Amino acid sequence: MKKSRFYSFVTTILIVLFILPFNAFANWDDPTRPGWEEGEAKEGWIRSKLNHMTLEEKIGQLFIVHVYGKTPTDPAYELKNLEKKRGGKNFKEVIEKYHIGGVIYFNWTDNIPIPLDASQVNSLSNGIQKIAMDQRMPIPLFVSTDQEGGIVQRLTSPGTVLPGNMALGATQSLDYAAKSAAILGTELKGIGVNMNFGPVADVNINPENPVIGVRSFSEDPKLVSDMTVAQINAYQKDNVIATAKHFPGHGDTAVDSHYGLPIINHDLKTLQNVDLKPFKKAIGAGIDAIMTGHIVVPALDDSGLPATLSKPILTGLLREEMDFDGLIITDSLGMSGANVVPPARVPVEAFKAGVDLLLNPPDVELAYNAMLEAVKSGEISEKRVNESVYRILEAKLKRGLFDNPYSDESAISNIGTAEHLAVADEIANKSITLVKNENNLLPLKTNENLFITGPSLAEPDLLSDLLKNKSFNADFYMTGTSPTSSEINTAVAKAQQADKVIVTTYTANTNSAQQNFVKALLTTGKPVIITAIRNPYDLMVFPEIDAYLATYGNREVSIRALARVLTGEVNPSGKLPVTIPGLYDFGHGISY
């Protein structure tokens, strides 16, 4: 009898012990219960979640990865996902196997198609969130993308395509900066994206910068800082996680970190007054996340390591000196600038340097296992892992993802609205900058024969069509990005028949073939109007031309505004947000 009671007692204890942890889960899906928001209640909620996570689940939360496919289990991309080392054949497998913290959407992975199919992306986002919330440990996903506006924009037409950051800088309007981010954030939420890798906080002071350029607001640290803060406030007001990038500042380099390792040779004073200033303001504004740059900054760390792998920069400077306690996320780990150590060491060294989130590893299984082994071997302590996972859970909690990670399908009605499109056009109209207008060549006259030419990236055909629609006589000829001798000869022959020549250039200040192209057209004796369609520095290499405008991007919204300015429908009011060295200062701009 005593033995029977003893077994009964033990059985009861075991049942209680088995049930208790799972009973604790019941409150995890209700973080909005009264009192959780502040202090000890919130911290206790997160600690409770952490205490019930396995090491494998914690390691998974550190990763944001890309997966090919239009649905969570898209059969059309299974082989590609396996070949590209995505960690599984579809989103579902990757989530279930690696417990990932988030995903990143691209156009080239067919997550977000061009043109946009908002219903498909909304369904994908809700589908992968459902998979994550059905796991043993239900944790919503960061669903992220790069939606800066302008040349870097994943959600495109029929969504709202905005002119971009340097175009905003040319308007000098903080109101436009905020409105732009509010539109971007609202439309991202419509497709289930809750984390944006923007705004760009880099101060572009190098005319030869191949990777930032018009993605920066300006060369002026104050204007960059103010616009960065305006956008942060707009994103986070709508519960979209904002990410300032690329710390500690990618604005003064002639090397693209996608393909090489840039070195920023600024001294400490310049770094403090220029590069770091927008990040300081972002931290003061309560930015959720900061993205690292794959850039070497010897004044901050003389080891030769990029910032992404630098403990002095990420822990010493960003965490300790600048007092940032939000999420530190790497730029894509597949970029050349990060791969200065063996592939398995890249995520480990980045994490040891101080990052919380490891973005887009080229081999998911390799990166995950490397991190897991580093913790199991003692190289990385579980306490350090807990610190990052705490921040990740805190950010997801703060932005309401535990409350509701889903996007109602009705939210897609907020995408590409007439009001949003009108704001985009208004910003574009105000951004076009007339830098030079000798002999009053502009605005154009309807009785003139116009010849429009330039690289296809600079949209001469679109500009021609827009001018024709306004009853102008316009012919066009497109070349490659680096025009060949044959293309140059053809363009010169066609220019002979025109009254005025309009050349749409695309970063010609670093392209000798485009420079030769323009110089050949100048020999015709025809009046030449240059419209710099990307970076505004092209005038540096042909200062003798008659008229010059800057559009700061090749999106249709900017080309439409350019056509309005060329024809006098809009009087240009944009001001240069950068200096054109030796020619025109920051803030220059003329009107008709």
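Everything numeric here is computed off the predicted structure, so don't read it as measured data. In this chain, residues are counted from 1 in sequence order.
- The two residues L467 and I502 come nearest to each other via the heavy atoms CD1-CD1, 4.3 Å.
- Applying the side chain to side chain donor-acceptor pair (under 3.5 Å) test to D408 and every residue at least two apart in sequence or in another chain returns S410.
- With sequence neighbours excluded, no residue forms a ring pair (Phe, Tyr, Trp, His ring centres under 6.0 Å) with F142.
- Taking E208 as the reference, nothing meets the salt bridge (charged side-chain N to carboxylate O under 4.0 Å, His left out) condition, with sequence neighbours excluded.
- A salt bridge links R560 and E556; the closest N-O separation between the charged side-chain nitrogens and carboxylate oxygens is under 4.0 Å.
- Closest approach of I112 and N107 over heavy atoms only: O-ND2, 2.9 Å.
- Take T446 and apply the side chain to side chain donor-acceptor pair (under 3.5 Å) test, not counting sequence neighbours, and it matches no residue.
- Of the residues R154, Q147, M195, the one that meets the side-chain contact (heavy atoms from CB on, under 4.5 Å) test with L188 is Q147.
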Result block: side-chain N/O donor-acceptor pairs under 3.5 angstrom for residues 162-174, not counting sequence neighbours:
residue, atom, partner, partner atom, Å
N165, ND2, R215, O, 2.7
T171, OG1, L168, O, 2.6
T171, OG1, S173, N, 3.2
S173, OG, D175, N, 3.4
S173, OG, Y176, N, 3.0

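- Legend: ring pair (Phe, Tyr, Trp, His ring centres under 6.0 Å) pairs involving residues 572-592, not counting sequence neighbours, sorted by first then second residue: Y584-H588.
- Residues M335 and S257 come closest through the heavy atom pair CE-OG, 3.3 Å.
- With sequence neighbours excluded, the residues that form a ring pair (Phe, Tyr, Trp, His ring centres under 6.0 Å) with H246 are H250.
- Applying the side chain to side chain donor-acceptor pair (under 3.5 Å) rule to N196 yields the partners Y235; only residues at least two apart in sequence or on another chain are considered.
- Under the ring pair (Phe, Tyr, Trp, His ring centres under 6.0 Å) criterion, no residue pair touches residues 501-551, with sequence neighbours excluded.
- Residues satisfying the ring pair (Phe, Tyr, Trp, His ring centres under 6.0 Å) criterion with Y552, sequence neighbours excluded, are absent altogether.
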message: Using the rule given for side-chain contact (heavy atoms from CB on, under 4.5 Å), can you reason through T330 versus T292, listing the C-alpha separation, both sets of side-chain angles and the distance that settles it, and then say yes or no?
response: CA-CA 5 Å; T330 70; T292 69; 4.0 Å; yes
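- Ring geometry, Y77 versus Y68: the interplanar angle falls under 30°, so the pair is classed parallel (tilted spans 30 to 60°).
- Take K222 and apply the salt bridge (charged side-chain N to carboxylate O under 4.0 Å, His left out) test, not counting sequence neighbours, and it matches D226.
- Judged as a ring pair (Phe, Tyr, Trp, His ring centres under 6.0 Å), not a single pair has a partner in residues 192-232 (not counting sequence neighbours).
- Around atom CD of E419, no more than 12 heavy atoms belonging to other residues, nucleotides or ligands sit under 6.0 Å away.
- Nearest approach of I530 to T505, heavy atoms of both residues: CG2-OG1, 3.8 Å.
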